Student: 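What follows is a single structure, and I will ask about it in a moment.
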Amino acid sequence: MNAKKISVLVLLAVVAVFFVLGMSAYQKRVQASQDEQVRAESTRLVRMHAPVIGPQQAPVTIVEFFDPACETCRAFYPIVKDIMAQYPNQVKLVIRYAPFHQGSDQVVKLLEASRRQGKYMEVIEAVLKAQPIWADHGQPRPELAWSAAVEVGLDLAQARSDAQRPEVDAVLKQDIEDLTALQVTKTPTFFVNGRSLPSFGPDQLAALVAEEVGKAKQ
């Protein structure tokens, strides 16, 4: 290999290193900014209206900003379930809505209506299972999510009526206001006892939960 090729490879390696370092520094700045905002707006993380899964008095709270049309939210759902199964008495999940995708707001209303029939978990699982069918981002068909909910026993007529209640609109409005104030720009976004993930991934979520559970036992 001649000297010119070696110089080019060295230059490319240096550029790659600086790119990685730059991205890492940028991500840290973004996380620091969001953490500061969360501390300043801590009352926005959990609201009285938000669905809670797990024991109310659990010492560790996972807050998830969730979009029912988000493929990554669907992928994380079994991961979060596994984490909660690992700590059945120590961890609870609070779901906040982040309807970033077209049509997601209609499915959020479906989920809220299902709570009134005591079928929230059944419907959220049915909606996520059917997500590839209804959540086409180019041409979403949220009515198919409603059809999936019927298959798990939802009273469709009652749910459609409940979805139009002003309280449901208020939930959506408040969650959107809160995610904006907390600088949430993607889904899923997780906070564990108010702490954001140091980097995005299932291992990072599991590690942060384990750390907070350890603190609670001390």
Side-chain angles (χ1 to χ4, degrees), residues 16-47 50-101 104 108 111 121 124-125 127-129 131-132 135 137 175-176 178-218:
V17 168
F18 275 101
F19 176 78
V20 171
L21 292 175
M23 286 299 297
S24 177
Y26 171 75
Q27 290 173 349
K28 287 179 180 179
R29 287 197 301 271
V30 170
Q31 183 190 1
S33 173
Q34 187 173 59
D35 286 348
E36 182 179 350
Q37 192 68 15
V38 169
R39 286 191 292 270
E41 302 277 4
S42 59
T43 58
R44 292 184 179 272
L45 268 182
V46 178
R47 296 289 188 179
V52 178
I53 301 166
Q56 289 280 348
Q57 302 305 316
V60 178
T61 301
I62 302 172
V63 175
E64 177 182 358
F65 280 88
F66 166 85
D67 183 336
C70 165
E71 295 96 333
T72 311
C73 292
R74 182 175 186 257
F76 262 87
Y77 183 76
I79 294 167
V80 174
K81 282 187 69 175
D82 287 346
I83 290 173
M84 296 185 66
Q86 186 177 353
Y87 307 107
N89 300 313
Q90 292 87 14
V91 177
K92 66 176 177 284
L93 172 67
V94 177
I95 294 180
R96 305 297 307 278
Y97 300 117
F100 291 141
H101 292 96
S104 289
V108 166
L111 294 176
M121 292 306 301
I124 202 170
E125 292 192 359
V127 163
L128 289 176
K129 182 179 179 180
Q131 187 194 82
H137 299 325
D175 281 14
I176 291 170
D178 288 342
L179 71 86
T180 302
L182 295 170
Q183 300 179 2
V184 172
T185 59
K186 66 181 186 302
T187 53
T189 291
F190 294 100
F191 298 92
V192 181
N193 282 358
R195 300 171 61 192
S196 60
L197 303 189
S199 58
F200 185 74
D203 291 342
Q204 288 75 17
L205 176 60
L208 189 53
V209 170
E211 183 180 339
E212 289 298 315
V213 168
K215 288 180 183 177
K217 291 180 179 179
Q218 292 177 0

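Keep in mind it's a predicted model, so treat the numbers as computed, not measured. All residue numbers refer to positions in the sequence shown, counting from 1.
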Student: Measuring from atom CE of Met84 to atom CG of Leu93, what distance do you get when rounded to the nearest 0.5 angstrom?
Tutor: 5.5 Å
Student: Under 4.5 Å between any side-chain heavy atoms of Ile95 and Ile124, yes or no?
Tutor: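 The answer is yes, as the side chains (C-beta and beyond) meet within the 4.5 Å cut-off.
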Student: Hey, is the main chain of Arg44 close enough, under 3.5 Å, to the side chain of Arg96 for a donor-acceptor pair?
Tutor: yes
Student: A side-chain contact here means heavy atoms from C-beta on lying under 4.5 Å apart; do Leu128 and Phe66 qualify?
Tutor: yes
Student: Under the side chain to side chain contact (heavy atoms under 4.5 Å, CB included) rule, collect the residues that match up with Asn193, sequence neighbours excluded.
Tutor: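 Asn193 satisfies side chain to side chain contact (heavy atoms under 4.5 Å, CB included) with Val60, Thr61, Glu212 once adjacent residues are dropped.
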Student: Of all the heavy-atom pairs spanning Val184 and Phe100, show the shortest one and how long it is.
Tutor: O-CZ, 3.6 Å
Student: Looking only at the aromatic ring of each residue, does the gap between the centers of Phe200 and Phe76 stay below 6.0 angstrom?
Tutor: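 Aromatic pair counts; centres sit under 6.0 Å.
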Student: Find the distance between OG1 (Thr187) and CZ (Arg74) and round it off to the nearest 0.5 Å.
Tutor: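 It comes to 14.0 Å.
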Student: Working to the nearest 0.5 Å, report the span between NZ of Lys92 and CD1 of Ile53.
Tutor: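 Those atoms lie 12.5 Å apart.
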Student: Tell me the closest heavy-atom pair linking Leu45 and Phe191, and the distance in Å.
Tutor: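 Closest pair (atom of Leu45, atom of Phe191, distance): CD2-CD1, 3.6 Å.
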Student: Give me the atom names and distance for the closest heavy-atom approach of His101 to Cys70.
Tutor: CE1-CA, 4.0 Å
Student: Taking side chain to side chain contact (heavy atoms under 4.5 Å, CB included) as the test, write out the residues that go with Gln204, two or more places apart.
Tutor: Ser199
Student: If you count heavy atoms of other groups shown closer than 6.0 angstrom to NZ of Lys129, is the number above 12?
Tutor: no
Student: Measure the CZ-CG distance between Phe65 and Leu182 for me, rounded to the nearest 0.5 Å.
Tutor: 5.0 Å
Student: Grab the two heavy atoms, one from Ala75 and one from Pro78, that are nearest each other, plus how far apart they are.
Tutor: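 Answer, listing the atom of Ala75 first, then Pro78: O-CD, 3.4 Å.
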Student: Between Lys215 and Pro59, is there a side-chain heavy-atom distance shorter than 4.5 Å?
Tutor: no
Student: Any heavy-atom pair between the side chains of Leu205 and Val192 that's under 4.5 Å?
Tutor: yes
Student: Restricting to non-hydrogen atoms, name the atom on Leu208 and the atom on Ser196 that form the minimum distance, rounded to 0.1 Å.
Tutor: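 Where Leu208 meets Ser196 most closely, the heavy atoms are CD2-O, 3.7 Å.
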Student: Verify, without hydrogens or angle tests, whether Asp67 (side chain) and Ser104 (backbone) share a donor-acceptor contact under 3.5 angstrom.
Tutor: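 It does not hold such a pair.
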Student: What are the two closest non-hydrogen atoms of Pro68 and Val127, and how far apart are they?
Tutor: CB-CG1, 4.2 Å
Student: Roughly how far apart are Met121 CE and Leu111 CG, rounded to 0.5 Å?
Tutor: 10.5 Å
Student: Working to the nearest 0.5 angstrom, can you tell me the gap between Ile62 CD1 and Tyr87 OH?
Tutor: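 Ile62 CD1 to Tyr87 OH: 10.0 Å, rounded to 0.5 Å.
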